[in-house]
Structure formats: C-alpha cells, structure tokens
Undergrad: 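Okay, handing you the structure first.
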Amino acid sequence: MTEGTTAAAAEGADTLTRLEQEGEIAADYLEGLLDIADLDGDIDMDVEADRASVSIISDTGSRDLQKLVGRDGEVLEALQELTRLAVHRETGDRSRLMLDIAGYRACKRTELADLGAKAAAEAQSSGQPVRLDPMTPFERKVVHDAVKAAGLRSESEGEEPQRFVVVLPA
C-alpha cells in the first residue's frame with residue numbers, strides 16, 4: 001500500500017468507528033426511553049451511506065411501537081432529533097443519525113422512491129416541471145435520489161415546513 005491509500009484506509013476506519021460509536025450512544029439513549037415508556041423493542045444498529053442508522057423493531061409485531069412513530073411520522077422525527085442531541089452531548093459532534101421505528105421509514109422510503117420515479121416519468125413525457133407536495137428533508141432526499149436514478153434533475157423549493165420537490169424535465 002502507498003502512503004496515500006494507507007491514510008485513506010485509516011480515515012475510513014476512523015469514520016466507521018465514529019459512526020459505530022454514534023449508534024451505540026443512540027441505542028443506549030433509546031433503550032432508556034423504551035424502559036421509561038414501558039415499551040418492548042429491540043435495537044438494531046448499522047452504518048448506511050456514511051451515517052449511523054438505528055432501528056427499533058418488535059419481534060411480537062406489537063402495535064405499541066406505533067406510538068413512537070405517531071401520525072405521519074411526527075413523533076419519529078422528534079425522537080430522531082432528541083437522539084441526535086443525545087449523541088451530540090456525548091461526542092461534541094453534530095450527528096446525521098437516522099432513526100427508524102417499526103419499519104416506518106423503510107416503508108416510506110419505498111413509497112417515496114415510487115413517487116419520485118412516477119414524477120420523473122410524468123416530467124419526461126409532459127416536458128413540464130412536476131411539483132410535489134411539501135415533504136420533510138428525509139422524504140425530499142429519497143425523492144431526489146429516485147429522480148436522479150431516472151436520469152432527471154430535481155430541486156427543492158419553498159421554506160420549511162412547506163418545502164417541496166420540483167422535478168425538472170430533461
């Protein structure tokens with residue numbers, strides 16, 4: 001190995017270690033939350049796309065975890081921010097950690113990827129920009145990725161919380 005590739009490998013290992021540490025801190029925080037709320041759930045940690053990913057899952061298929069998702073994922077978004085703050089408090093670094101509860105984000109990701117692909121097809125066939133409804137940053141990112149995969153371009157417009165995606169024709 002050359003000196004440059006050795007340094008890059010070490011930096012990659014450092015990043016992975018840091019993200020794993022974020023996941024462990026988040027898991028400890030969420031386990032405490034589950035205990036306080038008297039809810040059953042297992043914590044699964046991973047690193048995806050250069051960010052820590054933590055999921056709370058239930059083996060029993062219990063609907064109790066749905067309380068932590070809330071209407072349209074509002075409680076999930078709030079818990080993700082609280083978990084990021086807990087990680088920041090411990091590490092001093094800003095966290096981009098993603099939290100999923102009961103598979104909500106995984107399902108939402110699939111739905112949004114389909115929406116992005118359909119909007120791209122519509123923009124391509126009509127030659128007109130397609131404006132989508134307001135979305136959270138997570139939702140917009142998934143749609144942008146789906147549009148890019150379809151070979152088109154998209155942009156976000158508006159101000160939070162009314163920020164939305166516009167899919168542009170080729």
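FYI, side chains are in, hydrogens and waters are out, and symmetry mates aren't considered; it's all heavy atoms of this structure. Just so it is clear, the structure is predicted and the values come from calculations on it, not from any experiment.
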Undergrad: State whether the side chain of T91 and the backbone N or O of D93 hold a donor-acceptor pair below 3.5 Å, judged by distance alone.
TA: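 Yes.
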
Undergrad: Determine whether I56 and V75 fall in the same hydrophobic cluster, where Ile, Leu, Val, Met, Phe, Trp and Tyr are linked whenever their side-chain heavy atoms lie under 4.5 Å apart.
TA: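 In one cluster: yes.
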
Undergrad: What are the two closest heavy atoms between P169 and G127, and how far apart are they?
TA: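 Minimum heavy-atom contact is CG-O, 3.3 Å.
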
Undergrad: Under a 3.5 Å threshold, yes or no: a donor from one side chain and an acceptor from the other, between H88 and S95?
TA: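 The answer is no; no qualifying pair exists.
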
Undergrad: Whether R18 and E22 form a salt bridge (side-chain N of Lys/Arg under 4.0 Å from carboxylate O of Asp/Glu) is what I want to check.
TA: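 Yes, charged N to carboxylate O under 4.0 Å.
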
Undergrad: To the nearest 0.5 Å, tell me how far D28 CG sits from T83 OG1.
TA: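 D28 CG to T83 OG1: 11.5 Å, rounded to 0.5 Å.
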
Undergrad: Measuring from atom NE2 of H144 to atom CG of L152, what distance do you get when rounded to the nearest 0.5 angstrom?
TA: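 Reported value, rounded in 0.5 Å steps: 13.0 Å.
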
Undergrad: Begin from the C-alpha positions of E24 and M45 and carry the test side chain to side chain contact (heavy atoms under 4.5 Å, CB included) through to its verdict.
TA: CA-CA 8 Å; E24 289 173 15; M45 296 179 297; 4.0 Å; yes

Undergrad: Going from CD on E90 to CG on L85, what distance comes out if it is rounded to the nearest 0.5 angstrom?
TA: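 Spacing of CD (E90) from CG (L85) equals 12.0 Å.
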
Undergrad: Please determine, by modelled atom types, if Q66 and R71 share a side-chain donor-acceptor pair under 3.5 angstrom.
TA: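 No - no donor-acceptor pair under 3.5 Å links their side chains.
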
Undergrad: Does a salt bridge link D145 with K141, judged by any charged N lying under 4.0 Å from a carboxylate O?
TA: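 Counted as a salt bridge, because a side-chain N and a carboxylate O are separated by less than 4.0 Å.
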
Undergrad: Using every non-hydrogen atom in the two residues, find where P161 and P134 come nearest and quote the distance to one decimal.
TA: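 That would be O-CB, 3.9 Å.
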
Undergrad: Just by modelled atom types, is the L97 backbone N or O under 3.5 Å from a matching donor or acceptor in the R51 side chain?
TA: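 Side chain of R51 to backbone of L97: no pair is present.
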
Undergrad: Would you kindly confirm whether L112 and Y104 end up in one hydrophobic cluster when ILVMFWY residues are joined by side chain heavy atoms under 4.5 Å apart?
TA: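 No, L112 does not connect to Y104 through the hydrophobic network.
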
Undergrad: Is R140 salt-bridged to E160, cutoff N-O under 4.0 Å?
TA: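 Counted as a salt bridge, because a side-chain N and a carboxylate O are separated by less than 4.0 Å.
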
Undergrad: L76 and V142: same hydrophobic cluster, using ILVMFWY side-chain contacts below 4.5 Å?
TA: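 No, it is not one cluster - the side chains of L76 and V142 are not joined through contacts under 4.5 Å.
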
Undergrad: With side chain to side chain contact (heavy atoms under 4.5 Å, CB included) as the test, would you mind laying out the steps for F164 and M135 before giving the verdict?
TA: CA-CA 6 Å; F164 59 94; M135 298 178 189; over 6 Å; no

Undergrad: Does D38, at its CG atom, have more than 12 non-hydrogen atoms belonging to other residues, nucleotides or ligands within less than 6.0 Å?
TA: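 Open.
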
Undergrad: Show the nearest heavy-atom pair for residues A146 and A113, with the distance to one decimal.
TA: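 Heavy atoms only, the tightest pair is CB-O, 3.5 Å.
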
Undergrad: Would you give the length of the straight line joining atom CG of L68 to atom CD1 of I101, rounded to the nearest 0.5 angstrom?
TA: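 L68 CG to I101 CD1: 5.0 Å, rounded to 0.5 Å.
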
Undergrad: What is the minimum heavy-atom distance between L30 and I43, and which atoms define it?
TA: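 Residues L30 and I43, closest heavy atoms: CB-CD1, 4.0 Å.
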
Undergrad: So, R109 and E139, do they make that salt bridge, N to O below 4.0 Å?
TA: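 No salt bridge links R109 with E139.
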
Undergrad: Are V47 and I57 grouped together when hydrophobic residues (ILVMFWY) are joined by side-chain heavy atoms under 4.5 angstrom apart?
TA: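 No, no single cluster joins them.
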
Undergrad: What's the separation between atom CD in E157 and atom CG in L132, rounded to the nearest 0.5 Å?
TA: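 Taking CD in E157 and CG in L132, the distance rounds to 11.0 Å.
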
Undergrad: Keeping D46 on the side-chain end and S53 on the backbone end, is there a donor-acceptor pair under 3.5 Å?
TA: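 Judged by distance alone, no pair lies under 3.5 Å.
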
Undergrad: According to a hydrophobic-cluster definition based on side-chain heavy atoms being under 4.5 Å apart (Ile, Leu, Val, Met, Phe, Trp, Tyr only), do L79 and V54 belong together?
TA: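 Yes, one cluster joins them.
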
Undergrad: How long is the span from the CZ atom in F138 to the CD atom in E77, to the nearest 0.5 Å?
TA: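 The CD atom of E77 is 8.0 Å from CZ of F138, to the nearest 0.5 Å.
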
Undergrad: Quick one: does any side-chain atom of Q80 pair with a main-chain N or O of L99 as donor and acceptor, under 3.5 Å?
TA: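 Yes; judged by distance alone, with no hydrogens or angles, the pair exists.
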
Undergrad: Determine the minimum heavy-atom distance between Y29 and A86, stating which atoms define it.
TA: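 Nearest pair, atom of Y29 first, then A86: CD1-CB, 3.6 Å.
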
Undergrad: Looking at every non-hydrogen atom in both residues, tell me the closest pair between V165 and S154 and how far apart they are.
TA: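 So the minimum-distance heavy-atom pair works out to CG1-CB, 3.9 Å.
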
Undergrad: With respect to V147, which candidate in V166, V167, L115, L168 satisfies the side chain to side chain contact (heavy atoms under 4.5 Å, CB included) definition?
TA: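 Testing V147 for a side chain to side chain contact (heavy atoms under 4.5 Å, CB included) against V166, V167, L115, L168 leaves exactly one candidate, V167.
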
